[in-house]
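As C-alpha cells, the structure follows; a few thoughts come after it.
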Amino acid sequence: MLSMAAAGYDFQSVERKWQSRWERDALYRAPNDSPKPKYYAMEMWPYTSGDLHVGHAKNYTIGDAVARMLRMLGYNVLHPIGWDAFGLPAENAAIERGIDPAVWTTENILNMRRQIRLMGTSYDWSREIATCEPEYYRWNQWLFLRLREHGLAYKREAPVNWCPHDQTVLANEQVIDGRCWRCEHLVERRNLSQWFLRITAYAERLLNGLEKLTGWPERTRTMQRNWIGRSEGARLAFSIEGLDENIEVFTTRLDTLFGATFLAVAPEHPVVESLKPVVSREHAAAMDAFAESLKSRSELERTSLMEKEGVFTGAYAVNPLSRERIPIWLTNYVLAEYGSGALMGVPAHDERDFHFATQRGLPIVEVIVSPNSDAVEPLEAPYVEDGRLIASGDFSGMSSERARTAMADRVASIGMGGRSVAYKLRDWLISRQRYWGTPIPIVYCSRCGEVPVPDDQLPVLLPVRTRIDEFLETTCPTCGGPARRESDTMDTFFESSWYFLRYLDPHNDRAPWSVEHAERWMNVDQYIGGAEHTVLHLLYSRFFYKFFHDRGWVRGPNEPFEHLFHQGLIIRDGARMSKSRGNVIGIDETAEQVGIDAMRLFLLYVTPPEETSNWTDEGISGRVRLLNRIWRVCEPYFGSALEGKMPNVERAEEKALVRAVHVAARSAIDETTSRRFHYNTTIAKLDELVNLMTGAVTSMPESPAMHDAVAVLPILIAPFAPHIAEELWERLGHSASVHLEAYLEPDERALAIEHITLVVQVNGRVRARISAPAGVSEAEALALALGDSNVRVHLGGKEVRKHIYVPDKLLNLVAA
RNA sequence: GGGCAAGUGGCGGAACUGGCAGACGCGCUGGACUUAGAAUCCAGUGGGGCGACCCAUCAGAGUUCGAGUCUCUGCUUGCCCACCA
C-alpha cells in the first residue's frame with residue numbers, strides 16, 4: 001500500500017486528536033428528551049471475532065455518513081453500537097487457544113471497540129451493550145420465559161439438523177444446501193428433544209406484514225415470502241383398510257383427486273407404527289429396512305441428490321370421494337415436516353409422482369385435460385396445468401378451479417377434510433449443545449417435571465467451564481427437591497432478535513426496556529447491514545417484535561425496521577478477502593498508512609453502496625489526493641474567520657464556484673432523504689467543487705465566492721471525512737464542533753443557471769449547440785435554431801414538418 | 001430446473017421521470033516545476049476519418065421525432081431457492 005505523507009496535512013495526528021476529543025466531549029450522545037424529531041439509525045452489530053476488516057468498515061461508514069447527515073439536518077439521531085458476543089466461533093477459538101471464551105471475547109471487545117472508534121464513527125457509547133454480559137442475557141432468559149408462558153417456547157423430540165463438526169443442532173435457516181452455515185460440514189438428521197420457538201404461529205402475520213414494508217428491498221421481501229412459503233389447498237383424510245385410522249394428506253390440486261393412484265407417506269410418519277402390526281411380516285420388515293436406510297443418509301442426500309425410492313407397505317387406503325382402493329407406499333420424497341407428512345400420488349398431473357409411478361409401474365390415470373382438447377393421449381409427461389376434469393364422477397366437465405372449490409365442499413360435508421393452508425416455515429429450533437451462550441432458564445425435577453426458573457432468580461449465570469457439573473445440579477424452585485438444570489444454551493440469533501430495543505434503555509434493571517423509551521424511539525428508521533441476514537435475523541426479529549407488540553411492550557407499528565438497506569460486499573483486486581489468501585485489509589494498517597478519512601471517502605466513492613466494491617491501492621490514493629487538495633486549498637485562509645453566506649457575485653467564474661458549492665450540498669441531502677445513499681455521486685460533486693477551488697485559489701483568492709466556498713467546505717465534507725472537516729473548521733476560526741453545525745441549505749438562486757446550451761437536432765441527430773438564456777421561449781428557440789448555418793445545411797431546404805421542444809434543453813426539428 | 005438482479009471506454013462508475021452517452025476518479029500520454037525522483041500543477045485520453053461527419057451502452061428486432069433508459073427474443077454473469085405435495 002502506498003504511503004502518502006502529504007506536505008501539509010498530517011492525517012495521523014489530526015485523526016487521533018479528534019477521535020479523543022469526540023470521546024471526551026461525548027459529542028454523539030443522543031438525549032432521550034430533545035425537541036428535535038428523533039431518528040433511529042442502526043447498523044447490524046458486529047460479531048466479536050477479533051478484528052474489524054474493511055467489510056465491517058463499509059457497513060459502518062455508510063451508516064455513519066447517514067447518521068451524521070441526519071444530525072446536521074436537525075434530527076436527534078440515535079446511533080448505537082454493541083457486541084454480538086456469544087456463540088460458537090468464540091467458543092471454538094477459545095478452546096484452540098486453551099483459554100476461557102469469556103476472556104477471549106472480552107479481549108476482542110476491547111480491540112474492536114478501539115477499532116470502531118478508530119474509524120471515526122459517531123456512536124453513542126453510553127448505550128453500548130454486549131450479549132455475554134449477565135445484564136443482557138438475564139433479559140434474554142426473561143423473554144424466553146414469557147415466550148414459554150404464551151405457548152411460544154416448547155420442548156419436543158423431533159428429527160433435527162445435527163452438525164457433527166460443531167457438535168450441535170442447527171435451525172432450519174442455518175442449513176445451507178444440506179450443510180452447516182458456519183463450518184460447511186454435511187448436516188445429519190437426529191431425533192433429539194429440543195427447545196423450539198413457535199414462529200409458525202406467526203406465519204400468516206409475518207407474511208402479511210411484508211406488504212407494509214415498502215422501505216425494504218423488494219428482493220428481501222420476496223425471499224422472506226418464499227421462505228414462509230404459504231400454499232392454499234385442502235386437507236383430506238384417506239381411510240385405511242382394516243384399520244380404524246385415517247391418513248391425512250395436504251394437496252393444492254384437489255381437482256386431481258380422482259387421478260390419485262397411490263398414497264405416499266414419509267417414513268417418519270406415525271401411521272407407520274400402526275401399519276406394521278396389520279401387514280405381513282415381510283412388509284413390516286421392508287418398512288423398517290427402508291426407514292433404517294434413510295436414517296444414515298445426510299439431509300442433503302435425502303433431499304436434492306437422491307433418486308426417488310420407496311417401499312409398498314402392504315396396506316391400502318380408500319379415496320374419500322371415488323371410494324377407490326389405492327396402495328400406501330413409504331417414500332423418501334415426502335417430507336415429514338411439511339403438510340401432514342403424507343400426500344396423494346397423482347402421476348398424471350405431478351412431475352414427481354409421475355417419475356415415482358413410472359419407476360414402480362404404478363397406474364397413471366388422467367383426469368385433467370387441456371381446456372382446448374378432448375383428446376386423451378398416452379402420457380409421456382405429466383400434464384401439470386389447470387384444465388378441465390374428466391373421469392371424475394360428478395365433477396367431470398368442471399374447470400380445475402371450480403372443481404377445487406366443489407370438491408373441498410364435498411369433502412367437508414362428509415367430514416373428511418376441507419380447505420387448508422400449509423407453510424414451508426418450520427418452528428425455530430433454539431437449543432444449542434454448546435457452552436458459550438445464554439443458559440436456558442429451565443430446571444428438570446423428578447417430581448415437578450419441567451420447571452421455569454422464577455424471574456427473581458434470574459439471571460441463571462453461565463458457570464465457569466470447569467464447574468459445569470456443579471452448575472447442572474440444583475434444587476427445584478417449586479418443591480426444593482434435587483433437580484437438574486437444562487444444559488443447552490440458546491441460539492445466538494435469540495439475542496440479536498431484540499437488541500435494538502435494549503439500546504433504548506440499556507441500563508434498565510427492572511425490565512428489558514421500558515415501554516416509554518420504546519414509544520419514544522421505535523421504529524428503527526434506517527437499518528443497514530449485509531444481505532446474508534435476509535431470512536435469519538430479519539425474520540426472527542420481526543417475529544419477536546410482533547410478540548412484544550401483542551404483549552403491549554411496544555406500541556405503534558408492529559414491524560421493527562422501517563427502512564432496510566443492504567450494503568454490497570467488498571473484495572480486493574477482484575478476489576474475495578480471506579485470511580487464507582492473505583489479502584485482508586485491516587483497519588489499523590489502513591489508519592496508519594492512508595488515514596481513515598481517505599478510507600471512508602474511498603468506500604463511499606468506489607461504487608454505489610449496494611454494489612460489490614473492489615478495494616485497490618490506486619483507488620485509495622485518489623481519495624488521499626483529494627484530501628490533500630482540500631487541505632491546500634483551505635490552507636491560505638487559516639485563521640481568517642471567513643463567513644459562510646450566499647455571496648452576491650457577478651462574474652461567470654464566480655457564479656460557477658458558488659453553484660458548485662450548492663450542487664454538492666443538494667446532492668448530499670438528496671441522497672440522504674431519498675435513502676439511496678449514492679454518496680459516490682455526492683463525492684464526485686465535491687471533486688468538481690475542489691477542482692474549481694484549486695483554480696480559484698490562484699485566479700481569484702479574494703473573491704467572495706472563494707471565501708464562501710472555503711467557509712462551508714468543512715460542513716459539506718463533515719459526514720464523509722469527519723476528521724479533516726473538524727480540523728479545517730477549527731483552523732478557520734471556530735471553537736465548536738463542525739458536527740454540531742446545520743448542513744448547508746442549497747440556495748435556489750445559486751443553483752439556477754442563466755445560460756443554457758440548447759441542443760438542436762435535425763431528425764433526431766445533433767446538428768448544433770446554441771447558447772441561449774435560460775427560460776428561452778419555444779418561438780425564440782426555433783428562431784435561433786433556424787438561424788444556425790449548420791442546421792440549415794442539414795435541413796437542406798426541406799420543410800420543417802414538426803418540432804419537439806424540451807424547455808431549456810433540446811429542440812428537435814423533423815423535416816422531410 | 002425455478003425465481004430475481006445486472007451487462008456502458010483499459011478499469012470503478014455517471015446519465016433522477018425516454019432528451020448532448022462516458023460526469024467524477026483510477027490508469028495511461030504529453031508538458032511545466034525539479035540535479036533527479038516523489039509530490040504538485042496544466043493539457044489530452046471511446047473508435048474511425050484531413051475534414052464536415054460517421055460508428056459506438058451484450059446481440060438481434062420493435063415502439064418513438066428521439067432509446068443506455070420502454071417492449072419482445074436470445075446470450076452472458078451474479079445472487080437466491082431448489083422433491084414444500
> Under a 4.0 Å N-O cut-off, is there an ion pair linking A/Arg230 with A/Glu204?
Replying inline: yes
> Taking for each residue the nucleotide of RNA chain B with the nearest heavy atom, is it A/Phe250 or A/Leu810 whose nucleotide lies nearer the 5' end?
Replying inline: A/Leu810
> Would A/Glu635 and A/Arg632 pass as an ion pair if we require N to O under 4.0 Å?
Replying inline: no
> A/Gln761 near the nucleic acid: base, sugar-phosphate alone, or nothing, with a heavy-atom cut-off under 4.0 Å?
Replying inline: base
>> Over all strands shown, is A/Val814 touching base, sugar-phosphate only, or nothing at heavy-atom distances under 4.0 angstrom?
In response: sugar-phosphate
> When you match A/Gly229 and A/Arg219 each to their closest nucleotide on RNA chain B, which lands nearer the 5' end?
Replying inline: A/Arg219
>> In whole Å, measure the gap between the C1' atoms of B/C81 and B/G13 for me.
In response: 31 Å
> Would you say the side chain of A/Ile570 lies within less than 4.5 Å of the side chain of A/Ile585, judging by non-hydrogen atoms?
Replying inline: no
>> Base contacts versus sugar-phosphate-only contacts with protein, heavy atoms under 4.0 Å: please encode nucleotides 9-18 of chain B as B, S and - from 5' to 3'.
In response: ---BSS----
>> Taking only the P atom of each, what is the distance from B/A32 to B/A38 in whole angstrom?
In response: 15 Å
>> Taking the P atom in each of B/G46 and B/U29, what is the distance between them to the nearest angstrom?
In response: 16 Å
> Is there a side-chain contact between A/Arg360 and A/Val311, using heavy atoms and a 4.5 Å cut-off?
Replying inline: no
> Going by a 90° cut-off around 0, is B/G9 syn or anti?
Replying inline: syn
> When the ring planes of A/Trp428 and A/Tyr540 are compared, do they come out parallel, tilted or perpendicular, using 30° and 60° as the limits?
Replying inline: parallel
>> Can you check the distance between B/C65 and B/U73, where both ends of the measurement are the C1' atom (answer in whole Å)?
In response: 26 Å
> Taking the side chain of A/Glu688 as its heavy atoms from C-beta onward, which of B/C80, B/A23, B/G19 lies nearest to it?
Replying inline: B/A23
> Do the ring planes of A/His537 and A/His533 sit parallel (below 30°), tilted (30 to 60°) or perpendicular (above 60°)?
Replying inline: perpendicular
> Is there a donor in the side chain of A/Glu610 and an acceptor in the side chain of A/His678, or the other way round, less than 3.5 Å apart?
Replying inline: yes
> Which part of the nucleic acid, if any, lies within reach of A/Thr222 when heavy atoms closer than 4.0 Å are counted: base, sugar-phosphate only, or nothing?
Replying inline: nothing
> Who pairs with A/Glu799 by side chain to side chain contact (heavy atoms under 4.5 Å, CB included), at least two apart in sequence or on another chain?
Replying inline: none
>> Each nucleotide in nucleotides 41-55 of chain B should get exactly one letter: B, S or -. Can you fill that in based on protein heavy atoms under 4.0 Å?
In response: S-----------SSS
>> Which nucleotide wins on minimum distance to the side chain of A/Met223, given the candidates B/C20, B/A85, B/C80?
In response: B/C80
> When all nucleic acid strands are considered with a 4.0 Å heavy-atom cut-off, which category describes A/Asn226: base, sugar-phosphate, or nothing?
Replying inline: nothing
> So, A/Tyr679 versus A/Ser667: side-chain donor-acceptor pair below 3.5 Å or not?
Replying inline: no
